[in-house]
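Worksheet: the structure to be examined is printed underneath.
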Amino acid sequence: MKNPHFSRMWFTLLSFLFTWMIALSTKSAAGMSLPSNTTDSEGSVPTEPVASDDDEYDGEDESEHCGLYMAISSTTTPEEPKWGYYAGKNIPAKSPIGFGDIAIHTFNLMANQIYMENDQPVDDFDRNPRANLVDWLEQFLWVPNSSGGQFEVAGEGTRIITAVPGGGVLGGYNPKMTNADWNHSSAYHREALNEYPGVSHPGRGAYSTYYNLELASTETIPAGKEIFLNYGENWDGSSNGDGKTDPLTRSDYKKVDQTIEKMISFFEKYHDDLDKNTKTEIYNFMVQDVMSAAAGKEKGKRIADILPENPDNLGDILERGGSFHLNSPASIRSPEWLKTNGICMDNIRPGPSTIPYAGRGAFATRAIEKGSTVAPVPLVQIPDDKIFQMHQVKAIQVPAIEKDTDGPIAMLVRDSEETFSRQLMYNYVYGHPESSLVLLPVGAVVNFINHSKERVNAKLVWSDHLNSKNTQWFAEDPQKLIDDEHSHLGLLMEIVATKDIAEGDEIFLDYGDDWQVAWDKHVAAFEKIKPGTWPITALDLNQEHKTKLIRTKDEQPYPDNVSIKCFLMVKKPKEGEPEVDEQGRRIRVWSEADSGKPNIVSDYLFDCEVISSSETPEGRFYDVVWSNGESTTLVQKVPHKAVVFVDNPGTSDQHFLGFRHYIGIPDEIFPQGPWRNANSDKEEL
C-alpha cells in the first residue's frame with residue numbers, strides 16, 4: 001500500500017462501512033396509516049435490467065413477436081413438474097400482462113358434495129371422494145374478489161370459488177420473485193361486449209359475464225422473465241422480532257446491489273493504491289466480518305454466498321440482473337430458449353363475438369398458418385363430472401374447529417339428493433360421452449373460443465411437448481389422476497389452425513354433435529318460456545354510466561336487483577376544515593394511496609349511498625355516505641371510477657337455469673382404455 005493516500009483511503013473506507021452497516025441493518029417499512037379501517041403497504045421493488053430491442057426481437061416486427069410464452073417453470077421439480085408463464089417482450093411496470101381473461105364462478109361447490117348420514121355430515125375425504133376431489137381442485141382456483149364476483153351469493157356458510165385461466169393458473173408462486181398482481185379495476189370497469197340490455201335470449205346464463213380480469217406487472221419485467229403472482233402471502237413475515245434472522249427480502253437484495261455498486265466504486269477509486277493481496281484482504285473483511293455485523297449472522301452468510309470470491313467479478317452480478325435474479329437464474333430465459341421450449345400464448349385476444357348472443361369470442365392477434373398452434377391448452381383433470389351437479393343446500397350447526405371461535409358455526413350441506421342444474425363451469429370443461437372424466441382448460445384466452453360448425457377454423461389435438469404426460473396418463477384410471485403422483489398439470493392439448501387464419505379473424509371450434517343437439521333442444525325450450533324482457537344488470541348499468549353521472553338516492557331509483565358500492569380510501573379534511581357535519585357524520589375526503597398503489601381493489605369496496613354529484617373539468621365526483629354499523633361517514637370528492645354497480649346475490653344471469661353441456665373432445669382423439677368408464681349416454685338435467 002502506498003502511504004501518501006493511506007489516511008484518506010481508510011477514512012473513505014470506514015465511512016463507507018459505517019453507511020453500509022446502517023443500510024443493511026435497518027428494517028424497511030413502507031405505507032401510510034389510513035382511516036376508516038383501510039390499510040396500505042407496499043415494499044420497495046428493485047429496478048430490473050431491460051433487454052434492447054435488438055436483443056429481444058432479432059430484427060422481427062414487434063407485432064409479430066410473441067409477448068407471452070408457456071414453458072417449464074423455474075420452480076419445477078422432478079416430484080412436482082410445473083408450467084411457467086414467461087414474458088416474451090419487455091413489460092413496463094404497472095402494465096397489463098397479456099389480455100384480460102374470464103372468471104368462472106362456482107357456488108357452494110364443496111357443500112354440494114356433502115351429504116347427511118345418521119344426522120351427521122359426511123365431509124371426511126376418505127369416505128367422500130367427491131368432497132376430496134373438490135378439495136384437490138381448489139388448489140387451481142381463486143377467491144372471487146379480484147373479479148368482483150364475491151356478491152353473487154349470500155348467507156352464512158356460503159362460499160364462492162373461481163377459475164381464472166391463463167395467469168390465474170399458470171402464474172408461478174415464488175414469494176421472493178413476485179412481479180405481478182391482479183388489476184381489479186379492469187374487471188369492475190370492463191366493457192359490456194356483445195351484451196343486449198333488457199333482451200331475453202337463449203345465451204342468458206350460459207356463459208360468464210365476468211371477464212377482462214387482467215394481470216398487471218408490479219415492476220419492470222424484462223423479456224424472458226418468468227411471471228410470479230401475488231398469492232396473498234407476506235414472505236417477509238418470518239422474523240423472530242430482532243430483524244436479524246429473516247430470510248433475505250427484496251429490500252435486502254436491493255441493498256446488496258447498492259453495496260456492490262459502492263464496493264466497485266471504492267476499488268476503482270483506489271485501484272492504484274492497492275496491491276492484489278491488500279485488495280483481497282479488504283474485500284474479505286467487508287464480506288465476512290462487516291456483513292455479519294451489519295446484517296446478522298444468517299443474512300450475512302447468505303449474502304456472502306451470493307458475492308464472488310474475487311472482487312474483480314462484482315460487476316458481473318449487476319450485469320446479470322443483480323443479486324436478486326442471480327439467486328434464481330432459471331427464472332430468466334433467453335429468447336432462443338423460449339422459442340425452442342415454449343409455446344406462444346398471445347396468438348389470440350378476447351373481443352365481442354361475431355355470433356349474436358354468444359358473449360365474448362377469441363380473435364387472432366396475428367396471422368396463423370394452417371397447421372400452426374393457435375394456443376396451448378393445459379388441462380386440469382377432474383375425474384368425476386358429477387361434482388358439478390347442483391343441489392339445494394341448507395345450513396346446519398357444527399362444532400367450530402378453530403380454538404378462537406366460540407360456539408358452533410354454520411356448515412352448508414345438501415338438502416336433498418335431487419339436482420336442479422349444474423355449475424356454470426360445466427360449460428367450459430372438455431368431456432366425452434363415454435367418460436366420467438372432464439378436463440378444465442386453463443390456457444390464456446382459450447375459454448373465449450366459441451362453437452360453429454359452419455365457420456370452424458381450428459381443432460383440438462394432444463400436444464407432443466416434452467413436459468406433457470399425455471401418453472403416460474392415458475393408461476391411468478381417472479380416479480388416480482388426483483393422487484400425489486399426478487397432482488399437477490400433466491395433460492396438455494393444443495388448438496391448431498385447420499386453415500389459414502388472418503389477423504383479426506374469430507377462432508371457432510366444433511364442440512361436437514352432442515353439444516349441438518343439446519343446444520338446439522335448449523333453444524327450442526327457451527323460446528316456449530322466455531320472458532318478454534330481461535332485468536337490467538350491473539354490467540349494463542356500469543356500461544351506461546361510463547359517460548354519465550350516477551343518480552343520487554333522491555333521484556329515480558335503480559332496479560332492486562343491483563346495488564351501488566364505492567371503493568373508499570380516505571383522509572381527514574385539511575386543517576381548519578370541519579371533521580363532523582351538522583348531522584354528526586364524520587367528514588372524510590377520498591384519496592389515492594400515498595404509495596401509488598391502486599386503491600380500486602376489492603378490499604376497499606363498501607356499501608354506499610350517493611347523496612350528491614358534480615361534473616367538473618377534472619371529471620365526475622360524488623359525495624357518498626358510508627356506515628360501518630357503529631358510525632356514519634360522509635366521504636367527499638369520490639371520483640366516478642370509484643363508484644360501481646354490482647348484482648345483488650342470486651340475481652345475475654348465472655342464476656338463471658340456462659344451458660349446460662361440456663365441450664366435446666372428438667372421439668377419434670379420445671383415448672381408448674380406462675378413461676372410457678361411463679355409459680354412452682350421460683345423465684341429462
Side-chain angles (χ1 to χ4, degrees), residues 70-73 76-84 129-130 132-134 136-137 139-140 163 165 169-170 341-343 345 371-388 425-426 428-443 446-447 449 458-498 509-515 661-683:
M70 186 184 83
I72 298 170
S73 173
T76 198
T77 64
E79 296 76 23
E80 191 175 4
K82 296 178 183 177
W83 291 110
R130 289 179 188 163
N132 180 57
L133 173 55
V134 170
W136 178 88
L137 177 62
Q139 68 180 303
F140 302 105
V169 177
L170 302 176
N341 299 281
I343 308 175
M345 295 197 73
S372 298
T373 298
V374 174
V377 189
L379 300 160
V380 177
Q381 60 273 17
I382 302 172
D384 190 346
D385 65 340
K386 285 186 169 57
I387 67 166
F388 295 120
M425 192 180 289
Y426 192 65
Y428 291 91
V429 298
Y430 299 163
H432 188 276
E434 296 178 20
S435 181
S436 67
L437 175 72
V438 290
L439 305 169
L440 176 65
V442 292
V446 299
N447 287 281
I449 297 176
K459 66 178 181 179
L460 289 169
V461 301
W462 292 104
S463 175
D464 59 1
H465 193 283
L466 292 177
N467 202 41
S468 73
K469 306 293 183 183
N470 293 340
T471 55
Q472 300 97 307
W473 288 17
F474 289 167
E476 296 284 0
D477 185 308
Q479 299 301 326
K480 293 183 179 180
L481 293 180
I482 63 168
D483 61 21
D484 291 343
E485 182 182 349
H486 302 88
S487 192
H488 59 276
L489 301 182
L491 295 170
L492 179 65
M493 282 183 158
E494 294 180 29
I495 295 172
V496 173
T498 56
L509 288 170
D510 181 354
Y511 287 3
D513 293 340
D514 289 347
W515 187 96
H661 200 282
Y662 61 87
I663 296 169
I665 299 174
D667 186 69
E668 60 269 21
I669 69 168
F670 195 80
Q672 299 291 333
W675 284 21
R676 299 193 181 230
N677 62 354
N679 296 328
S680 59
D681 294 322
K682 286 196 175 185
E683 178 187 0

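- Taking CG of Leu460 as the reference point, atom CD1 of Ile663 lies at 8.0 Å (rounded to 0.5 Å).
- Of all heavy-atom pairs between Ser468 and Ser463, the closest is OG-O, 3.7 Å.
- The environment of CG in Asp667 is crowded: more than 12 heavy-atom neighbours from other residues, nucleotides or ligands sit within 6.0 Å.
- Side-chain contact between Met425 and Ile387 is absent, with no heavy-atom pair separated by less than 4.5 Å.
- The two atoms that bring Pro478 and Asn677 nearest to each other are CG-ND2, 3.7 Å, heavy atoms only.
- Thr76 is linked by a side-chain hydrogen bond (donor to acceptor under 3.5 Å, both in side chains) to nothing, counting only residues two or more places apart in sequence or in another chain.
- Phe670 is linked by a ring pair (Phe, Tyr, Trp, His ring centres under 6.0 Å) to His432, Trp675, counting only residues two or more places apart in sequence or in another chain.
- A donor-acceptor pair under 3.5 Å links the side-chain atoms of Trp462 to the main chain of Ile669, judged by distance alone.
- Although no hydrogens or angles enter the test, the distance criterion places a donor-acceptor pair under 3.5 Å between the side chain of Trp83 and the main chain of Leu489.
- Using modelled atom types, one side-chain atom of Asn470 and one backbone atom of Leu492 make a donor-acceptor pair closer than 3.5 Å.
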Atom pairs and distances, donor-acceptor, side-chain atoms in residues 375-384, under 3.5 Å, two or more places apart:
residue: Gln381; atom: NE2; partner: Leu481; partner atom: O; Å: 2.9
residue: Gln381; atom: NE2; partner: His486; partner atom: O; Å: 2.9
residue: Gln381; atom: NE2; partner: His488; partner atom: O; Å: 3.2
residue: Asp384; atom: OD1; partner: Lys386; partner atom: N; Å: 3.0
residue: Asp384; atom: OD2; partner: Arg130; partner atom: NE; Å: 2.9

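- Listed here is the closest heavy atom pair of Ser436 and Ala678: N-CB, 3.8 Å.
- Here the closest heavy-atom approach between residue Gly443 and residue Pro165 is recorded as O-CB, 3.8 Å.
- Between Ile72 and Asn341, the closest side-chain pair of non-hydrogen atoms is not below 4.5 Å.
- Contact detail for Pro81 and Lys469: the closest heavy-atom pair is CG-CE, 4.5 Å.
- The nearest pair of heavy atoms linking Pro433 to Asp514 is CG-OD2, 3.6 Å.
- A donor-acceptor pair under 3.5 Å is formed between the side chain of Asn447 and the backbone N or O of Pro441.
- Using a 4.5 Å cut-off on side-chain heavy atoms (C-beta onward), Asp385 and Val429 make no contact.
- No side-chain heavy atom of Ser487 sits less than 4.5 Å from a side-chain heavy atom of Ile482.
- Here Ile449 contributes atom CD1 and Ile495 contributes atom CD1; the two are 3.5 Å apart, rounded to the nearest 0.5 Å.
- Checking side-chain atoms of His465 against main-chain N and O of Gly342 turns up no donor-acceptor pair under 3.5 Å.
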How far apart are the C-alpha atoms of Tyr430 and Met493, what are their side-chain angles, what is the distance that settles it, and do they pass the side-chain contact (heavy atoms from CB on, under 4.5 Å) test? CA-CA 11 Å; Tyr430 299 163; Met493 282 183 158; 4.0 Å; yes
